[in-house]
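Below is one structure, written out as structure tokens, with a few remarks after it.
Below, read A as the first sequence line, B as the second, and so on, with proteins coming before strands; counting in each chain starts at 1. As the structure is a prediction and not an experimental result, all values here were calculated from the model.
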Amino acid sequence: MHSLLPLNNQSCVVSVLLPLPLNKEYHYNANPMLELNRGDLVEVPFSRRRLLGVVLSLSNETHAELKRLRWVIRRFDLLRLPKNLIDLVEWTASWTLAPRGSVLRMVLSTPSAFDSPKSILFYALASQENRICPKRLTNARRRVLSVFNDCIVIDHKNLLRKAVVGSRVIKSMVESGILDCSSAIQYPIFEPPDITGEWEILNTEQQKAVKILSSRINANRFSVTAVEGIKGSGKTEVYFRAIAETLAAGKQVLVLLPEIVFSSEWLERFTDRFAVKPAVWHSALQVRVRRDTWRAVAKGSVRVLFGARSALFLPFNELGLIVVDEEHESYYKQDVGVVYHARDMAVVRARLEGIPIILVSTTLSLETVENVRQGRYTSIHLAAFCSDINKPEVALIDLRKYSLDRGNFLSQPLIQAMQNTLDKGEQSMLFINRRGYAPLTLCNNCGHRLKCSKCTAWLVMHQMLNQLICHYCGLSTSLPKCCPLCNIRDSFIFSGPGVERLAEEMLLRFPDVKFQIASSDTVKGPNSTAELVRSMQSKEINVVISTQSIFKGYNFPFLTLVGVVDADLGLTGCDPRACERTYQLLHQVVGHVGGASRPAKILVQTLAPENPVMQAIASGDRESFLRFEINQRKAFGMPPYGKLAAIVISSLNLKQVDEVAQLIAKAMPRLNGVIILGPIPAPIAVIRCYHRRRFIVRADRKVNIQKVLRDWLAAIRPKSSVRIKVDVDPYNFM
DNA sequence: AGCACGCCGACT
DNA sequence: GTCGGCGTGCTC
Ligand SMILES: [Zn+2]
Ligand SMILES: [Zn+2]
């Protein structure tokens with residue numbers, strides 16, 4: 001018998017964590033025959049449901065206070081959650097202040113993986129002596145038999161297909177003893193990557209990088225290596241070698257990527273190198289693939305997986321390396337449910353697993369740069385192959401010098417540059433981080449502005465859909481015929497830019513231009529992204545008007561002009577990372593435009609060309625940008641030189657939200673090195689009719705901000721109609 | 001998370 | 001007098 005079992009033999013008591021938004025564990029009796037251990041996944045009764053849970057501990061305690069312990073129904077043999085993964089659950093929960101059960105829910109995201117796998121019927125010819133040879137064979141039966149000329153065993157589906165018969169023919173052949181039938185479970189095949197293939201020849205710098213990464217992998221312990229390099233620097237090639245090396249050592253590899261990359265040509269690079277398709281994990285995965293992948297990760301048949309954020313919580317058992325590509329992307333910060341940063345938690349997982357992690361980016365985040373400077377991470381910088389001749393020219397356009405007509409947003413130099421680009425048969429891209437036609441619609445007669453009925457936000461006109469849309473709740477209405485305030489007919493005018501409005505302005509200047517709009521409204525899944533990329537590469541379109549950087553993993557050789565329509569948009573507001581994001585966007589653009597023989601140009605429209613961020617962007621001087629940005633962050637104690645947290649209290653009931661906010665305010669701690677602002681209405685004070693109040697907590701680096709928050713909020717028990725959301729290190733300041 | 005229990009408004 | 005709304009609380 002197992003040593004961990006209680007000696008009184010009849011039963012043992014286990015504590016089980018359930019994938020519910022709860023922190024506490026529940027106790028169950030378990031049959032000793034189940035031989036339960038920490039990490040075992042079990043099915044337990046819970047109220048009148050049956051739930052999947054994880055055993056956290058075994059105890060001899062009598063639990064006298066719990067008269068009727070219920071019994072563990074069964075244990076799942078698919079896997080036992082590795083200690084490191086349980087630790088990651090605990091860590092993430094304590095870091096984000098989420099209930100442990102909510103984090104466990106992310107781990108057990110695919111409960112169907114525990115369904116008993118369906119077995120498939122297989123057929124073979126009956127052995128000679130048993131086989132009854134009918135005197136006459138129908139054509140259908142003959143076709144079935146001929147299939148077995150090429151194979152010994154075949155599954156039902158393929159037999160039907162190859163013999164072109166119905167299942168009744170097969171059935172009757174089994175019944176008459178011609179075929180033998182057996183059933184077996186067929187697990188989908190995830191072919192192991194081939195690591196014996198030829199490698200590209202590396203330059204000395206890349207070889208050095210490979211060597212460093214190789215030593216990290218062989219060290220077989222936790223380390224963080226930041227790899228920075230623009231397109232063409234070979235950073236992907238370099239980390240592919242680290243992957244190969246890890247695979248050769250018999251370990252699994254997890255690569256985290258922004259969602260946008262999936263189903264793109266990017267993954268083909270892996271196939272080119274490793275001869276197989278990598279396993280992938282993202283939100284658009286079909287349920288069956290999802291289930292099969294989860295199982296295969298647990299079973300170890302997936303050796304390399306490319307996944308979006310949520311892949312971090314997959315049950316790898318033999319993880320040897322984590323790579324976070326595009327580590328600077330704020331995509332990695334989840335802001336619904338468990339509010340966690342996948343890059344940060346990936347570092348935590350690597351530490352818990354005792355393995356190396358590689359953070360890769362065109363423009364490392366300031367957080368990572370600071371960790372490198374403090375010596376916590378090491379870094380590798382890869383320069384680009386291409387010479388300075390092809391380095392794109394970046395120029396600021398001072399918008400104060402050009403008077404733009406109402407509703408126009410393209411300055412003369414930008415229009416001229418677009419004209420030149422079109423004349424050369426090359427492509428342009430316009431950036432404006434505003435979806436739809438115009439951010440504000442107002443009555444020309446009385447000035448009434450169209451607001452969402454459920455949010456404190458303007459409705460955004462979307463000409464393409466002919467709808468006004470609220471970007472916070474999704475509410476969609478058609479443009480009213482008359483102003484709701486003054487009743488004047490057709491009195492609406494639009495204010496401010498949007499991708500659609502830019503398209504309209506552009507078409508006035510260049511009526512024949514072929515263009516596409518790239519925003520979350522037009523480019524939704526991986527498929528539409530692939531379609532956009534294809535039409536770009538095949539030169540079906542001359543211009544892309546985009547709300548976001550769509551470069552990730554793609555190559556646009558004919559793209560030689562980028563216009564940033566309003567660079568100032570990213571520099572205002574209360575988000576401490578706004579400047580960094582603008583800089584990153586530009587830096588990434590610089591790295592991706594133009595081809596071998598085509599010089600490229602980047603034009604940045606701004607009202608504040610003297611702004612140091614603009615200057616750094618124009619000069620392409622990363623160091624001077626960093627110096628400026630670091631000084632700013634230090635001066636205000638912003639991350640990574642201080643810690644931030646947001647507490648958002650929300651309720652449908654205005655009175656209740658203020659009551660709870662006041663309650664929290666009364667309990668506010670007064671601590672050294674901690675500054676708390678609030679409660680104030682959140683910038684979007686109402687979303688979906690939920691009133692929102694917010695506190696911002698700023699703490700010195702040495703402060704344990706989680707403890708401060710936990711101690712503070714522990715005593716606050718609001719009724720269910722009021723929600724309190726804690727966001728440690730927020731990225732979304734709305 | 002789900003599900004029952006319980007207490008108030010407007011229907012047969 | 002009952003039907004059903006959701007606010008509250010519990011699940012080993
Ligand atoms: Zn009006
Ligand atoms: Zn709304």
Atom-to-atom span, CZ of A:R717 to C1' of C:dT8 - whole angstrom: 12 Å

Atom-to-atom span, CG of A:L20 to C1' of B:dA1 - whole angstrom: 5 Å

Side chain A:R48 and base B:dA4 donor-acceptor under 3.5 Å: no

Interatomic distance, A:L18 CG vs C:dC12 P [rounded to whole Å]: 9 Å

Protein-nucleotide distance (A:L652, atom CG; C:dG7, atom C1'), rounded to Å: 12 Å

Rounded interatomic separation in angstrom, taking CZ from A:R68 and P from C:dC10: 15 Å

Sugar-phosphate, base or nothing in reach of A:L51, heavy atoms under 4.0 Å: nothing

Gap between atoms CZ and C1', on A:F46 and B:dA4 respectively (whole Å): 14 Å

A:H341-A:Y731 aromatic ring centre distance below 6.0 Å: yes

Touch class at under 4.0 angstrom, heavy-atom based, for A:R70 against every strand present: sugar-phosphate

Sugar-phosphate, base or nothing in reach of A:P45, heavy atoms under 4.0 Å: sugar-phosphate

OP1 or OP2 of C:dT8 under 4.0 Å from side-chain N/O of A:S720: yes

Less than 3.5 Å apart, which donor and acceptor atoms pair up between the side chains of residues 451-460 of chain A and the rest of the protein, not counting sequence neighbours?
| from | atom 1 | to | atom 2 | distance (Å) |
| --- | --- | --- | --- | --- |
| A:K451 | NZ | A:C455 | O | 2.8 |
| A:T456 | OG1 | A:A685 | N | 3.4 |
| A:T456 | OG1 | A:V686 | N | 2.6 |
| A:T456 | OG1 | A:V686 | O | 3.4 |

Touch class at under 4.0 angstrom, heavy-atom based, for A:K719 against every strand present: sugar-phosphate

Distance, rounded to the nearest Å, where A:L69 contributes CG and C:dT11 contributes P: 12 Å

Whether over 12 other heavy atoms sit under 6.0 Å from A:R70 CZ: yes

Touch class at under 4.0 angstrom, heavy-atom based, for A:Y28 against every strand present: sugar-phosphate

Ring centroid separation A:F313 to A:Y340 under 6.0 Å: yes

Length of the CG-P vector between A:L108 and B:dA1, whole Å: 15 Å

A:R49 side-chain proximity, nearest of C:dT8, B:dG2, C:dC12: B:dG2

Pi-cation contact, A:F190 with A:R303 (under 6.0 Å, within 45°): no

